[in-house]
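So the structure is just underneath, and the comments pick up after that.
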Amino acid sequence: MASFRCNLLLLALLALAAAVSAHNITAILDAAPEYSQFNSFLTQTRLADEINTRTTVTVLALTNGVMSSLAAKHPLSVMKNVLSLHILLDYYDPAKLHKISDGSVLTTTLYQTTGHAPGNLGFVNITDLSGGKVGFGSAAPGSKLDSSYTKSVKQIPYNISVLEISAPVLAPGILAAPAPASDMNITALLEKAGCKTFAALIVSSGVIKTFQTTAAKGLTLFAPNDEAFKAKGVPDLTKLTNAEVVSLLQYHAIPKYTPKGALKTTKDPISTLATNGAGKYDITVTTAGDQVTLHTGVASSRVADTVLDATPFSVFTVDSVLLPTELFGKSPSPAPSMEPVAAPSPTPVLAPSPASVEAPSPMAASPPAPPSESTPEGAPSDAPSSEAADSTSGNGAGHVNSPALLMTLLTVVSVSAISSVLLS
Ligand SMILES: *[C@@H]1O[C@H](CO)[C@@H](O)[C@H](O)[C@H]1NC(C)=O
Ligand SMILES: *[C@@H]1O[C@H](CO)[C@@H](O)[C@H](O)[C@H]1NC(C)=O
Ligand SMILES: *[C@@H]1O[C@H](CO)[C@@H](O)[C@H](O)[C@H]1NC(C)=O
Ligand SMILES: *[C@@H]1O[C@H](CO)[C@@H](O)[C@H](O)[C@H]1NC(C)=O
């Protein structure tokens, strides 16, 4: 009986472990050095994230010899397209390859989902040839099956299968390189995607120059569409200083190549181009299925469409203007009762922890100093609302002690709760 219970516990633990640990293509391929280049390209193009977030996937791996001749001739953006055609959105193990009904099948690949593959260019033709040979080729009419199955690398039924094939599968036109990011007209691209206001702002502020130079090294843009700028609650941008407009626009860019799959696997807050010594200007990301949402601390915005994914530069449209707490932290309607009030001075313990400083709260800068001293120890001075607190801290220290103390406690608790939710 006891051992039965033990087994149940063990089973439960195993089930938990399996549910938590999805597959990791990088780790799978690390065990096979002959695919080290293929593996490295999956990481550089962030396709590894896409593979890891999918179940029922087959990866057609290419050996280092095949990869070097391909990589020598083509930029990373082309490599990404080619490799996404090698990620089949179905599960094929060696047994299934030899049991294809009618001997031939067309299967969807990740390339098909990018929107860059017209017709059936994003499909791969798998055909069981005579003599037990299995051929792979583009599904485009007239394509040859000039790649074949060579060996099995790894299977985790029915989640992921990795198979080695002899040569790359190429769809017509897939090797044509998009314009390099440095030559791309970002303004024209944004205008075409329905982001004219954003395009005009980055030109008039000069931020376009930063984007243009960063694009070649790795850049992700979140461009609010034109409706986003007309939405209720969008602050009047003409009231901002030039420097604030620049920060706001730079806040819509991550100085790193972060396509959708990479966004989905992001757990920590991400820094933006606006991030500097004076402000975090970071964004947190949450994912539900295929839906990605960005959270600024002031508001959230859905990531709508992928406008461009040309490694190392990607552009998305977003439904709302991203408002950083560093500029707009005071706005999200704090309850009137939360106005900073004087608390008894010897309470530095109640100062919020560094983790909670970024959450917008008018209480962040209290407790105020006793009249004789200058600034209280341990009270963060870079909190977004320190200015508001300063302006009221002079008045009437002394008569509202215990309610204020309670309020401070409550605020510290709720601010930490909010930030732990945001940061998780
Ligand atoms: C396959 O993936 C599912 C969903 O992520 C997971 O629950 C399951 O444990 C995986 N199977 C194996 C054998 O890893
Ligand atoms: C996958 O495995 C690689 C290499 O073992 C490791 O560096 C990486 O952190 C892993 N990724 C995840 C999401 O666990
Ligand atoms: C796959 O390609 C072969 C050779 O071009 C062709 O004969 C076959 O019809 C194709 N299979 C499908 C399902 O289109
Ligand atoms: C980029 O496109 C915009 C508008 O579409 C145009 O006004 C501008 O001249 C173009 N810039 C270059 C460098 O071609």
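We count ligands from 1, going down the list as the structure has it; atoms in each ligand are counted the same way.
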- Message: Could you tell me if the side chain of Phe136 sits less than 4.5 Å from the side chain of Leu145, heavy atoms only?
- Response: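 Side-chain contact under 4.5 Å: no.
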- Item | Heavy-atom side-chain contact between Tyr257 and Pro259 under 4.5 Å | yes
Please determine if [X] and [Y] form a salt bridge, counting it only when a charged side-chain N lies under 4.0 Å from a carboxylate O.
| X | Y | answer |
| --- | --- | --- |
| Asp128 | Lys133 | no |
| Lys196 | Asp226 | no |
| Lys96 | Asp90 | yes |

Could you check [atom] against the protein and tell me its nearest heavy-atom contact, residue, atom and distance included?
| atom | result |
| --- | --- |
| atom 14 (O) of ligand 3 | Leu106 CD2, 3.7 Å |
| atom 1 (C) of ligand 3 | Asn125 ND2, 1.4 Å |
| atom 13 (C) of ligand 4 | Asn185 ND2, 4.5 Å |
| atom 12 (C) of ligand 3 | Ser104 OG, 3.6 Å |

- Message: Checking the side chain of His74 only, and the main-chain atoms of Val82 only, is there a donor and an acceptor separated by less than 3.5 Å?
- Response: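 Flag not set: sc His74 to bb Val82 has no pair under 3.5 Å.
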- Item | Polar side-chain atom of Ser143 near backbone of Ala139 as donor-acceptor pair, under 3.5 Å |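 No; judged by distance alone, with no hydrogens or angles, the pair does not exist.
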- Query: Relative to the heavy atoms of Ile156, which atoms of ligand 1 are at a distance of less than 4.0 Å?
  - Reply: 12 (C), 13 (C), 14 (O)
- Interfacing atoms of ligand 1 (cut-off 4.0 Å, heavy-atom, Thr55):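 The list of qualifying atoms is 2 (O), 4 (C), 5 (O).
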- Message: Tell me whether atom 5 (O) of ligand 4 lies less than 4.0 Å from at least one protein heavy-atom position.
- Response: yes
- Item | Protein contact for atom 9 (O) of ligand 3 (heavy atom, distance under 4.0 Å) |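 It does not; no protein heavy atom is within 4.0 Å.
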- Query: Where do Phe222 and Leu322 come nearest, in terms of heavy atoms and distance?
  - Reply: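 Residues Phe222 and Leu322, closest heavy atoms: CB-CD1, 4.0 Å.
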- Work out whether the distance between some heavy atom of Gly135 and some atom of ligand 3 is less than 4.0 Å.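 No; Gly135 lies far enough from ligand 3 that no heavy-atom distance drops under 4.0 Å.
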- Element-labelled atoms of ligand 3 that are located less than 4.0 Å from some non-hydrogen atom of Thr127: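 What qualifies from ligand 3 is 1 (C).
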- Query: With atoms numbered from 1 as shown, which atoms in ligand 3 lie under 4.0 angstrom from a non-hydrogen atom of Ser143?
  - Reply: 5 (O)
